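This report refers to the structure that appears directly beneath it.
On a predicted model such as this, the values are computed, not experimentally measured, just so you know. For this chain, numbers begin at 1 and follow the sequence in order.
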Amino acid sequence: MRLPVLFILVTVMLDAMGIGLILPVMPDLIAEVRGTGLNDAALWGGILSAAYAIMQFGFAPTIGNLSDRFGRRPVLLVSMSVMALDYVVMALAGSIWLLLAGRIVAGITAATHSTAFAFMADITEPETRAKSFGLISAGFGMGFIFGPLLGGLLGDLDPRAPFVAAALLAALNVVFGLFVLPESLPRARRRRFDWRRANPAGGLMQMGQLPGVRPLLAVMLAYQVSNFVYPAIWAYWTQGVFGWDAAMVGTSLAAYGVAMAIVQGGLVQPVLRRLGEVRAVTWGLILNTGCLVAYALIGQGWMIWAMIPISALGAMVAPALQGVLSRAAGADQQGELQGVLASLSALSMILSPLMMTQAFFWATREGGAIWWPGAPFALAAVLMGLSLLLFLGIQARAATATPAE
């Protein structure tokens, strides 16, 4: 593997660690700074996750457009440097408000995965981009391996210890990038920075003008809101239902990350070669819907370990759908497109934690009408089913329109 690609994979891995690192320690960390129980901690966990995602949503198009104007290298290196400093601040956080401020800055710096996707789009041909995007998704999955592992194992020593380790990793990656990362966007392909396009609304409007893109963006949003139920609720669900500690939560999330990395790094290309991007998305959405229903009904801990490798197969959806969308954008719009997709991902991380933690709160509250900890997964299954129906409708309309053309 070429060193620049390795740097990109490490970068998106560290972006993902910003999410996965805090998940196993979130209940204990909030309890320490707030003095609350699990039920209330889940609500604050949703707020912290939403704050992180709001920043990604707001700044991903800006950073994507900045990379289209100034190049990928400076954007990636500066953001990674700020991320290293932010992890230090979070390691020292002694109040919920400082922790919230740290998550806000972390959300801004983690928005660079749009630039990472654009870098890969720069160096690959359109017909092979889905494979390249699968590699980046595999790097993201590796972040969900190492993040929860650090959070779970080091979190047993101190809830802040994982952030110290993450700060060191981010700083080392900056040094690595200074030596190996070239600029992938030639000056001739750069375009003027425009604030009207460097925001979520402007970027969505610009991308929505491309033929067939707007409904596909809706599919992507519904899929991501549904799929984010796992990091949003996992720690609270497993602790509340099965009594798992931080180490067990981290280990299970790491196992899910390993399974995702295998799928996205090793199985995406064979699946796409056999099924094509459209059928891969269709069957992936069907599989995801069924798995979410199964998680909603799980009553014993061992069932989780059986479901993890099966549900990870659904990770083929994102790179396949990104490949379809990337074909619709020009060479000078890849950063902008990936910025819009990053904003959709961030929007899902705003909506999903708030929706799923609320569902968990109301389905497990004392004196409530029902006690169903799996309710968030049932809600996610409904959303995943809606994304499947929307995608099938798009393909049906395309098939009807093709003969007339």
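When all heavy atoms of Gly102 and Asp86 are compared, the closest pair comes out as O-OD2, 2.9 Å. Closest approach of Arg73 to Glu183, counting heavy atoms only: N-OE1, 3.0 Å. In this structure, Val174 and Leu77 approach most closely via the heavy-atom pair O-CD2, 4.0 Å. In plain terms, the two heavy atoms of Phe391 and Val278 that are nearest each other are CE2-O, 3.5 Å. Heavy-atom minimum distance, Met316 versus Ala280: SD-O, 3.6 Å. Across Val225 and Met356, no two heavy atoms sit closer than the pair O-CE, 4.0 Å.
Side-chain atoms of Ile304 and Trp234, non-hydrogen and from C-beta on, do get closer than 4.5 Å to each other. Side chains of Val271 and Trp283 form no contact here, defined as non-hydrogen atoms less than 4.5 Å apart. Two residues are said to be in side-chain contact when any heavy atoms from C-beta on lie closer than 4.5 Å; Val219 and Leu321 meet this criterion.
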Going by atom type alone, with no hydrogens or angles, which donor-acceptor pairs under 3.5 Å involve a side-chain atom of residues 372-384 and a protein atom two or more places apart or on another chain?
unit_1 : atom_1 : unit_2 : atom_2 : d
Trp372 : NE1    : Ala296 : O      : 2.9

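No donor-acceptor pair closer than 3.5 Å links the side chain of Gln224 to the backbone N or O of Ser348. Using modelled atom types, one side-chain atom of Asn288 and one backbone atom of Gly284 make a donor-acceptor pair closer than 3.5 Å. Judged by distance alone, the side chain of Ser226 and the main-chain N or O of Ala222 form no donor-acceptor pair under 3.5 Å. Ser252 places a side-chain N or O within donor-acceptor distance of the main-chain N or O of Val249, the cut-off being under 3.5 Å.
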**Message:** Please evaluate residues Phe228 and Ile233 with respect to the criterion side-chain contact (heavy atoms from CB on, under 4.5 Å), reporting the C-alpha separation (whole Å), side-chain torsions for both, the decisive distance (0.1 Å), and the verdict.
**Reply:** CA-CA 9 Å; Phe228 201 77; Ile233 208 67; over 6 Å; no
**Message:** The test is side-chain contact (heavy atoms from CB on, under 4.5 Å); show your working for Val105 and Leu85 and say whether it passes.
**Reply:** CA-CA 10 Å; Val105 175; Leu85 293 174; over 6 Å; no
**Message:** Pair Tyr295, Tyr230 - check ring pair (Phe, Tyr, Trp, His ring centres under 6.0 Å), show working.
**Reply:** CA-CA 10 Å; Tyr295 277 111; Tyr230 295 105; 5.4 Å; yes
**Request:** Please report the C-alpha distance between Val164 and Tyr87 in whole Å, then the side-chain angles of each, then the deciding distance to 0.1 Å, and finally whether the side-chain contact (heavy atoms from CB on, under 4.5 Å) criterion is met.
**Result:** CA-CA 7 Å; Val164 175; Tyr87 277 130; over 6 Å; no
**Message:** Please determine whether side-chain contact (heavy atoms from CB on, under 4.5 Å) holds for the pair Tyr223 and Leu388, giving the CA-CA distance in whole Å, both sets of side-chain angles, and the decisive distance to 0.1 Å.
**Reply:** CA-CA 8 Å; Tyr223 162 75; Leu388 171 62; over 6 Å; no
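Interatomic distance, CD of Gln358 versus CH2 of Trp362, reported as 7.5 Å (0.5 Å rounding). Taking CE of Met220 as the reference point, atom CG of Asn227 lies at 11.0 Å (rounded to 0.5 Å). Between the CG atom of Leu297 and the CE atom of Met303 there is a distance of 9.5 Å, given to the nearest 0.5 Å. Between the CG atom in Leu217 and the CG atom in Leu221 there is a gap of 9.0 Å [rounded to 0.5 Å]. The CG atom of Leu169 sits 10.0 Å away from atom CE of Met80, with the distance rounded to the nearest 0.5 Å. Expressed to the nearest 0.5 Å, how far OH of Tyr236 lies from OG1 of Thr357 amounts to 7.5 Å.
Annotation: Trp302 is not in aromatic contact with Trp305 [ring centroid separation under 6.0 Å not met].
Among residues two or more places apart in sequence or in another chain, the side-chain contact (heavy atoms from CB on, under 4.5 Å) test is passed with Ala84 by Ala170, Ala171.
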